[in-house]
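Please read the structure below before turning to the comments.
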Number of protein chains: 2
Amino acid sequence: MAESGDLESSIIKTFRNSGYRATPQRIAISRYILSTHEHPTAQKVFSEVKKDHPTVSLATIYTTIKALKDMGMLQELNHPQSETRLDPNMEPHLHLICSRCERISDWMDPEMEDFIARVSDEADFVVTGLRFDLKGICKRCRDGGKGDRSLAAAGESSSAKDADYTAVKV
Amino acid sequence: MAESGDLESSIIKTFRNSGYRATPQRIAISRYILSTHEHPTAQKVFSEVKKDHPTVSLATIYTTIKALKDMGMLQELNHPQSETRLDPNMEPHLHLICSRCERISDWMDPEMEDFIARVSDEADFVVTGLRFDLKGICKRCRDGGKGDRSLAAAGESSSAKDADYTAVKV
DNA sequence: CTACTTGCAAACCATTTGCATAATC
DNA sequence: GATTATGCAAATGGTTTGCAAGTAG
C-alpha cells in the first residue's frame with residue numbers, strides 16, 4: 001500500500017496519463033476512495049471530501065467516480081434497495097456483506113482464481129470481470145449482537161472498526 | 001420442473017400460504033418469471049404479461065416481484081448502469097453475464113458449495129445468501145461475432161436463443 | 001490562452017406510493 | 001361484504017446532464 005505522498009502523485013499520474021486533468025477535487029476524492037476499506041457510497045465520499053473541500057459538489061463526486069472506473073481503478077457494487085458502494089480493490093476477491101451492520105469486508109482466497117479459471121474453461125466463457133458476494137452475519141454482529149448501521153453516519157474516518165475485519169489474508 | 005398446470009397451482013398455493021391473494025395478474029406475472037431462464041427486467045415482464053393481461057400496470061409487476069422476493073421465490077440482480085434483472089433460481093449457482101449480448105446464463109458447479117462453506121468457516125461469517133457473477137464474452141458472441149442486444153426488444157417469448165445456453169449442468 | 005472542470009440546478013428514470021375502484025375469499 | 005389488490009398518476013431518490021463561471025496545463 002502506497003504512502004500518502006506516493007498515493008497522491010500516483011493519482012495525479014494516473015489522471016494525466018488518461019487525459020484527465022488532475023484537479024484538487026479529483027485528487028481528494030480519489031485519495032479517499034482508494035485508501036479506504038469501507039466500500040463507501042457516493043454520499044459518504046461527498047461528506048468526507050467536503051471536510052477539506054467544502055464547496056465540492058455531488059456531481060463532481062459522480063463524474064470522478066466515473067473517471068476512476070473508466071481508468072480501471074475501482075468497481076461499483078450495487079445491491080437491491082441500497083445505494084451503490086465503491087470498491088477500489090481490483091484483485092479477484094469476494095465480499096462478506098453483513099446484513100446487520102452493512103459492513104462489506106474483502107476476502108481474498110487463494111483458490112478463487114483456479115475455481116474461476118475452471119468454470120471459464122468448462123463454460124467456454126471468456127471472463128473479464130467478476131463479482132462474488134456472500135451475504136450473512138459477521139462475527140462481530142453475532143458476538144456483540146449490537147450491530148450498528150453507522151455507515152450512514154458521516155463524520156468518522158476510516159476507523160479501526162473497519163480495519164480490523166477487512167482485507168484478511170491479503 | 002413443473003408442468004404448466006402444476007406450476008400454476010403451486011403458485012396459487014404459495015401466495016395463499018403466505019397470506020397473499022392469488023389474483024390473475026399475480027399468477028400470470030409469477031408464471032412468466034418462474035418459468036423463464038432469461039433473467040428478465042421488470043419492463044420485460046411487463047411487456048410479456050401485457051400480452052394476456054393488457055390492462056396490467058407496471059406497479060403491479062413491481063409489487064408482485066416484491067411479494068415473490070419476500071416469499072423467497074426469486075432474487076434480484078443489479079449491475080451498474082443497467083436495470084435490475086430477476087432470477088428465480090434460488091439454488092447456489094453463478095451467472096455468466098455476456099457484456100456483448102447481455103444474456104445471463106446460470107451455471108451450477110458441484111464445488112461451489114464446498115468452497116463457500118470453507119470461506120464461511122475461515123472468515124467466521126454465517127452465510128445466508130450469495131451472488132457470484134462472471135462477466136465476459138460468451139461462446140456464441142465469440143463465435144458468431146454478431147452479438148445482439150435483443151433483450152430490450154419486447155415481443156419475443158423465451159426462445160431457443162436463450163434455452164440453448166442456459167442452465168447448463170443443472 | 002484554450003479546453004477541460006466545477007458547482008449549481010434541473011432533468012432522468014427505474015421504482016415506489018397514494019388513492020379511488022375493483023376483485024378475492 | 002370486508003379486506004386486499006389493481007391501475008393510474010404523482011412522488012421519490014440516486015444519478016446524470018446543461019450551462020455559466022473557474023481553473024489546469
Taking the six-membered ring of A:Tyr62 (Phe, Tyr or Trp), confirm whether the NZ or CZ of A:Lys66 is under 6.0 Å from its centre and within 45° of its axis. no

Upstream residue (5' side of DNA chain D) when B:Arg21 and B:His53 are each assigned their closest nucleotide: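 Upstream on the strand: B:Arg21.
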
Please tell me which of B:Arg26 and B:Gln81 maps to the more 5' nucleotide of DNA chain D, matching each residue to the nucleotide holding its nearest heavy atom.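 First, find each residue's nearest nucleotide; the 5'-ward one identifies B:Arg26.
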
Separation of [X] atom [atom1] from [N] atom [atom2], in whole Å?
X       : N      : atom1 : atom2 : result
A:Tyr20 : D:dG25 : OH    : P     : 15 Å
B:Ile61 : D:dC8  : CD1   : C1'   : 14 Å
B:Lys69 : C:dT15 : NZ    : P     : 11 Å
B:Tyr62 : D:dG13 : OH    : P     : 16 Å
A:Gln25 : D:dA21 : CD    : C1'   : 13 Å
B:Ile65 : C:dA14 : CD1   : P     : 13 Å
A:Ile27 : C:dT5  : CD1   : P     : 13 Å
A:Glu83 : C:dA14 : CD    : P     : 19 Å

Between A:Ser57 and B:Ile12, the residue closer to the 5' end of DNA chain C by nearest nucleotide is A:Ser57

Polar side chain donor-acceptor pair, B:Asp106 to B:His39, under 3.5 angstrom: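 There is such a pair between these side chains.
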
Between A:Trp107 and B:Val126, is there a shared hydrophobic cluster once you connect ILVMFWY residues whose side-chain heavy atoms come closer than 4.5 Å?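 No, A:Trp107 and B:Val126 fall in different hydrophobic clusters.
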
Same cluster or not: are B:Leu74 and B:Leu7 linked, directly or through other Ile, Leu, Val, Met, Phe, Trp or Tyr residues, by side-chain heavy atoms under 4.5 angstrom apart? yes

Sugar-phosphate, base or nothing in reach of B:Glu76, heavy atoms under 4.0 Å: nothing

Under 4.0 angstrom, heavy atoms only, what part of the nucleic acid is A:Gln43 near: base, sugar-phosphate, or nothing?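 Here A:Gln43 touches no strand at all.
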
Give the nucleotide from the list C:dT6, C:dG7, D:dG25 with an atom nearest to the side chain of A:Thr23. C:dT6

Salt-bridge present (B:Arg131, B:Asp133; N to O < 4.0 Å):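 Salt bridge between B:Arg131 and B:Asp133, a charged N being under 4.0 Å from a carboxylate O: yes.
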
Can you see if the side chain of B:Thr84 gets near the phosphate of C:dT15 - specifically, an N or O under 4.0 Å from OP1 or OP2?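 The answer is yes; a side-chain N or O of B:Thr84 sits under 4.0 Å from OP1 or OP2.
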
Phosphate OP1/OP2 of C:dT17: any B:Lys66 side-chain N/O under 4.0 Å: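 Yes, because at least one side-chain N or O of B:Lys66 sits under 4.0 Å from OP1 or OP2 of C:dT17.
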
